[in-house]
Amino acid sequence: MSVLQDNIAKATAYLAHFRDTGVLNHIDGQSVPAASGQTFETVTPTDLSVLATVARGGAEDIDRAVAAAKAAFPVWSKTPGAERRKILIKVAEAIEARAEEIAFTECMDTGQALRFMSKAAIRGAANFRYFADQAPHAENGEVTRTPTQMNTTSRRPIGPVGVITPWNTPFMLSTWKIAPALASGCTVVHKPAEFSPMTAKLLVEIAESAGLPKGVLNVVNGFGEEVGKRLTEHPDIKAIAFVGESRTGSMIMAQGAATLKRVHFELGGKNPVIVFDDADLDRAVDAATFMIYSLNGERCTSSSRLLVQDTIYDEVCARVADVAKRIKVGHPLDPDTVVGPLIHPEHESKVLSYFDKAEEEGATIAAGGEKVGEDGCYVAPTLFTQANNDMAISQEEIFGPVLTAIPFQDEDDALRIANDVDYGLAAYLWTNDLNRAMRMTDELQAGMMWVNSENIRHLPTPFGGVKASGIGRDGGDWSFDFYMETVNVSFPRATHKIPKLGG
Ligand code: NAD
């Protein structure tokens with residue numbers, strides 16, 4: 001048996017329980033079908049076969065899940081931080097113990113390659129560990145004094161929160177929202193993406209088996225415009241942490257307006273990687289190709305615009321095209337695969353539509369630009385050259401293994417092009433001139449910048465975007481600011497004079 005066949009056999013065994021029972025909702029510690037009894041099918045993008053039926057939740061399911069989260073909140077929010085920490089560390093350990101199952105399930109459900117997904121569970125566990133360690137002191141604030149008053153601030157968990165996640169790396173993404181929410185003392189209703197519901201169910205089962213009390217984390221599956229909408233409108237949900245497209249973020253903001261919902265948005269990107277002619281080109285090419293062709297390019301921080309100084313544009317494009325052509329496209333469970341199938345035929349059609357658009361707009365397809373094979377959603381790693389920043393391929397988030405290369409002349413030109421998009425999530429800068437790096441990073445419109453590096457995440461640092469890429473920051477203490485309310489209590493330091501009114 002080849003490694004791939006062996007892995008497919010293992011995945012089939014891991015997925016058997018989902019095939020038998022379907023992907024159910026999880027409310028108040030119970031796996032339950034949708035109240036309406038309705039289901040939808042989740043398919044694998046490897047060959048579009050059905051993996052399982054999924055509970056198609058509706059308003060009633062959200063109402064039940066919110067009621068469970070509300071009922072669990074008083075006890076969980078008052079559980080000492082050190083106790084919450086212990087439970088969340090156990091969750092991290094339980095995730096690690098089932099890392100292979102999570103990775104294989106994710107590969108089959110999303111099409112992401114095993115070489116990257118094998119780390120997704122470990123990274124998810126790291127999220128739990130990191131935020132667990134902050135739980136014991138999350139409520140602490142500061143003391144400030146005036147001549148008459150002593151002010152003490154502290155933080156309290158905001159209440160039951162809604163977490164709405166997308167389909168790219170769903171396990172890892174849901175843990176970086178759910179872990180800080182739970183560490184803060186909030187209870188959660190999670191609405192996973194309809195294209196990738198499986199690992200959310202694993203997460204809640206793992207968490208409860210590790211000791212998370214019933215009702216603290218609940219999962220309701222279904223469609224965005226049905227359960228997602230109801231969750232964002234629910235009066236007992238105090239905040240919504242959302243990861244997804246910018247236009248969905250704007251809908252959620254409108255839906256949550258009537259109940260004054262606090263929102264945290266991690267949205268789309270069209271991130272530049274800017275390469276000056278003094279850069280280490282070997283490293284720049286490796287980093288640029290890694291950031292667009294890993295995770296199928298379905299990555300919010302992907303370097304989807306390659307801005308290259310005109311003096312080295314042809315050379316860099318030739319090198320990137322060469323890498324793109326050599327990348328292995330294949331089954332996600334093949335350990336050699338770099339690019340697996342895109343999540344779903346709908347998304348594949350969107351990505352393929354940009355190949356025609358690129359040619360209509362006058363760009364050149366220097367690599368890829370085509371579907372691979374007949375079955376499944378496989379698309380070749382693609383490079384568009386001779387592009388300018390006005391083209392749709394330069395402005396719109398394609399969210400696939402598709403890179404648009406644009407030449408620039410000098411620093412001003414690079415900055416103008418880099419900033420001339422609606423988005424502002426990440427930027428990557430390649431230069432060996434320190435002063436230039438300082439000038440550029442001062443002016444780049446992005447929430448996160450990496451100089452001479454690909455995206456390397458460090459959990460204590462802030463993660464998030466500017467402009468249409470998001471509102472709020474994850475990581476470090478920023479996550480706690482979102483899931484908690486800061487309150488101030490003022491005490492008199494002495495018997496001060498109180499103004500007397502009325503005579
Ligand atoms: P999407 O916006 O279509 O869906 C995300 C989630 O929102 C899904 O669970 C969906 O069901 C739900 N949803 C849809 N309509 C809704 C509504 N009206 N009310 C409430 N919920 C609703 O996004 P997607 O296509 O699943 O994911 C890809 C997008 O996610 C890309 O734009 C990508 O850049 C972005 N993303 C951003 C980050 C980040 O950190 N900035 C990380 C990963 C992905």
Side-chain angles (χ1 to χ4, degrees), residues 25-29 57 59-81 83-85 87-88 91 128 131-132 134-141 153-165 174-192 204 207-208 212-220 227-243 249 252-266 471-474 477-489:
N25 293 334
H26 198 93
I27 300 175
D28 202 16
E60 197 180 334
D61 303 281
I62 287 290
D63 292 353
R64 284 185 192 172
V66 174
K70 190 179 176 186
F73 181 72
V75 173
W76 182 247
S77 61
K78 296 286 183 218
T79 301
E83 193 54 37
R84 282 203 301 272
R85 175 184 175 278
I87 295 172
L88 298 180
V91 174
F128 268 91
F131 290 111
Q134 319 297 317
H137 47 88
E139 67 177 344
N140 290 348
T153 67
S154 61
R155 292 192 296 200
R156 299 172 183 170
I158 190 170
V161 298
V163 171
I164 302 179
T165 47
S174 53
T175 59
W176 89 8
K177 296 287 168 189
I178 291 170
L182 299 180
S184 301
C186 295
T187 53
V188 173
V189 177
H190 178 203
K191 203 306 262 174
V204 68
E208 287 185 358
L212 192 72
K214 289 177 181 180
V216 170
L217 173 60
N218 306 275
V219 180
V220 181
V227 280
K229 184 166 183 291
R230 175 68 186 163
L231 183 60
T232 58
E233 290 172 345
H234 203 294
D236 290 333
I237 289 290
K238 299 303 170 198
I240 293 285
F242 168 73
V243 186
I252 289 176
M253 194 174 249
Q255 291 161 195
T259 49
L260 297 174
K261 212 67 91 204
R262 180 184 288 187
V263 291
H264 186 156
F265 288 163
E266 284 177 5
I471 297 174
R473 294 292 177 268
D474 263 323
D477 200 47
W478 289 276
S479 297
F480 290 92
D481 268 343
F482 178 70
Y483 294 108
M484 301 182 89
E485 298 274 27
T486 298
V487 296
N488 185 60
V489 181

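All heavy atoms count here, side chains included; hydrogens, waters and symmetry mates do not.
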Value rounded to 0.5 Å, distance of [atom1] in [X] from [atom2] in [Y]:
X	Y	atom1	atom2	answer
Phe242	Glu266	CZ	CD	10.0 Å
Arg85	Leu88	CZ	CG	9.5 Å
Tyr483	Leu182	OH	CG	9.0 Å
Glu233	Ile62	CD	CD1	11.0 Å
Asn140	Gln134	CG	CD	11.5 Å
Gln255	His234	CD	NE2	14.0 Å

Locate the shortest heavy-atom distance separating [X] from [Y]; write the atom from each residue and the value.
X	Y	answer
Ile27	Ala65	CG2-CA, 3.8 Å
Phe482	Ile240	CZ-O, 3.5 Å
Ala183	Ala135	O-CB, 3.6 Å
Pro235	Thr259	CA-CG2, 3.8 Å
Pro74	Ala71	CD-O, 3.3 Å

Do [X] and [Y] have side chains that get closer than 4.5 Å, going by heavy atoms?
X	Y	answer
Lys191	Val163	no
Pro157	Phe73	yes
Thr232	Ile237	no
Phe265	Met253	yes
Pro213	Val75	no
Arg230	Asp63	yes
Val487	Thr153	no
Val66	Leu231	yes

Taking only Lys NZ, Arg NE, NH1 and NH2, and the carboxylate oxygens of Asp or Glu, determine whether [X] and [Y] approach each other closer than 4.0 Å.
X	Y	result
Lys177	Asp474	yes
Arg155	Asp477	yes
Glu485	Arg262	yes
Asp28	Lys214	no

Does the side chain of Glu83 pick up a donor-acceptor pair with the side chain of Trp76 at under 3.5 Å?
no

Between Leu217 and Leu212, does the side-chain contact (heavy atoms from CB on, under 4.5 Å) criterion hold? Intermediate values first, please.
CA-CA 8 Å; Leu217 173 60; Leu212 192 72; 3.7 Å; yes

Steps toward side-chain contact (heavy atoms from CB on, under 4.5 Å) verdict (Val243, Ile164)
CA-CA 6 Å; Val243 186; Ile164 302 179; over 6 Å; no

Would you say the side-chain atoms of [X] pair up with the backbone N or O of [Y], donor to acceptor, closer than 3.5 Å?
X	Y	answer
Lys261	Lys238	no
Thr187	Ala69	yes
Asn25	Asp61	no

Passes side-chain contact (heavy atoms from CB on, under 4.5 Å), Val216 versus Val188? Steps please.
CA-CA 6 Å; Val216 170; Val188 173; over 6 Å; no

More than 12 foreign heavy atoms under 6.0 Å from CD of Glu208: is that the case here?
yes

Return the set of residues passing ring pair (Phe, Tyr, Trp, His ring centres under 6.0 Å) with His190 (not counting sequence neighbours), or none when no residue passes.
none

